[in-house]
Amino acid sequence: MRGLTEAGPDRARGGTQAVITVGAVLAAVLLFVAACGTGGTGARDEGPAHASAVAGAVASPSPTPHGGYRRVDAVSLIKQDPKVSATVKRELKPCSGDDYPVDVSYGDLTGGSVNDVVVNVLTCGDWVGIGSFVYRDIGGTYENVFKAEESPVYAEIDGSDLTVTKQVYDTDDAVSNPSRETVITYSWKAGRFAEKSRHETDYSKAGGDTTVAPDN
């Protein structure tokens, strides 16, 4: 019993060191797992969705672990695109610093190996959409396969479909209260976006008047 008593302090120190070592290893593992859990696997760059915060220019292309999602510099994409009107390019200015009013989403709309990119360009003051564009990766280069520049306009990814919302304002309408709204759904067919359905809402009538056009 005396031998065990005398050996106690050394064993205790050894045990303490072992606990510290194990704790450090566990902490490193937890940090690694946490980093992997927030590694940019989302399908949307944070930016103004109609009237939210401003998104800055997106970083250079960077594949995700899944290989199908590649972030793009949306501002450069718009400015260098010959299909984008001079009006939209002229209005695409930083709201503050290097923050541009662009909203960028990624998703599989055209069945390509790399996710398509949907870019909405908005105004700084009231977040009104002035242009919506879809880019498809073709041989490593993004090409404009859809555009809508009839402001106000906003495009979103709905599953494998593209939905485009267009609002109509009468002279005395506030920005938050359009008189009419049209939501058009497009699907990718034969190398282009074809209209699938159209949903129209007239807010100027009491109770609202909604009509739905048949699918194409």
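These figures come from a predicted structure and were not determined experimentally. The first residue in the sequence is number 1, and the count goes up from there.
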Problem set entry | Least distance between heavy atoms, V153 atom then G131 atom | CG1-N, 3.8 Å

Problem set entry | Side chain E149, main chain S85, donor-acceptor under 3.5 Å | yes

Seminar exercise, completed: Output for pair (E143 CD, T110 OG1), nearest 0.5 Å, gives 11.0 Å

Problem set entry | Which atom of K79 lies closest to which atom of Y100, heavy atoms considered | NZ-OH, 3.4 Å

For this session: Please answer whether the main-chain N or O of V72 pairs with a side-chain N or O of Y106 as donor and acceptor at a distance below 3.5 Å.
Result: yes

Exercise. Looking just at side-chain N and O atoms, do Q167 and Y169 make a donor-acceptor pair shorter than 3.5 Å?
Worked result: yes

Problem set entry | salt bridge (charged side-chain N to carboxylate O under 4.0 Å, His left out) against E150, all qualifying residues, sequence neighbours excluded | K166

Exercise. If every non-hydrogen atom of K93 is compared with every non-hydrogen atom of C124, which pair is closest and at what distance?
Worked result: O-SG, 3.9 Å

For this session: Please test F146 against V164 for side-chain contact (heavy atoms from CB on, under 4.5 Å), starting from the C-alpha separation and ending with a verdict.
Result: CA-CA 11 Å; F146 180 89; V164 178; 3.8 Å; yes

Exercise. Hey, are the side chains of V102 and L92 touching, using non-hydrogen atoms and a 4.5 Å cut-off?
Worked result: yes

Exercise. Can you tell me how far CD of E200 sits from CD1 of I184, rounded to the nearest 0.5 angstrom?
Worked result: 8.0 Å

For this session: Measure the shortest side-chain to side-chain distance between W188 and R136 over non-hydrogen atoms and say whether it is less than 4.5 angstrom.
Result: yes

Problem set entry | Side chain proximity check, V88 to F133, heavy atoms < 4.5 angstrom | yes

For this session: Please assess K147 against V84 for the test side-chain contact (heavy atoms from CB on, under 4.5 Å), listing each intermediate value before the final yes or no.
Result: CA-CA 8 Å; K147 72 173 184 177; V84 176; over 6 Å; no

Exercise. Given side chains that start at C-beta, do those of E91 and V121 come closer than 4.5 Å, heavy atoms only?
Worked result: no

For this session: Keeping the roles fixed (side chain from K189, backbone from A194), state whether a donor-acceptor pair exists under 3.5 Å.
Result: no

Problem set entry | K89 side-chain N/O to D81 backbone N/O, donor-acceptor pair under 3.5 Å | yes

Exercise. Would you say the side-chain atoms of S179 and D170 include a donor-acceptor pair closer than 3.5 Å?
Worked result: yes

Exercise. Do V118 and L109 pass the side-chain contact (heavy atoms from CB on, under 4.5 Å) test, and can you show the C-alpha distance, the side-chain angles, and the key distance before you say yes or no?
Worked result: CA-CA 10 Å; V118 177; L109 293 172; 3.8 Å; yes

For this session: Examine distances only and state if a side-chain atom of T123 and a backbone atom of V128 form a donor-acceptor pair shorter than 3.5 Å.
Result: yes

Problem set entry | Side-chain H-bond candidate by donor/acceptor type, T185 with D161, under 3.5 Å | no

Exercise. Of all heavy-atom pairs between S132 and A155, which one has the smallest distance, and what is that distance?
Worked result: OG-N, 3.3 Å

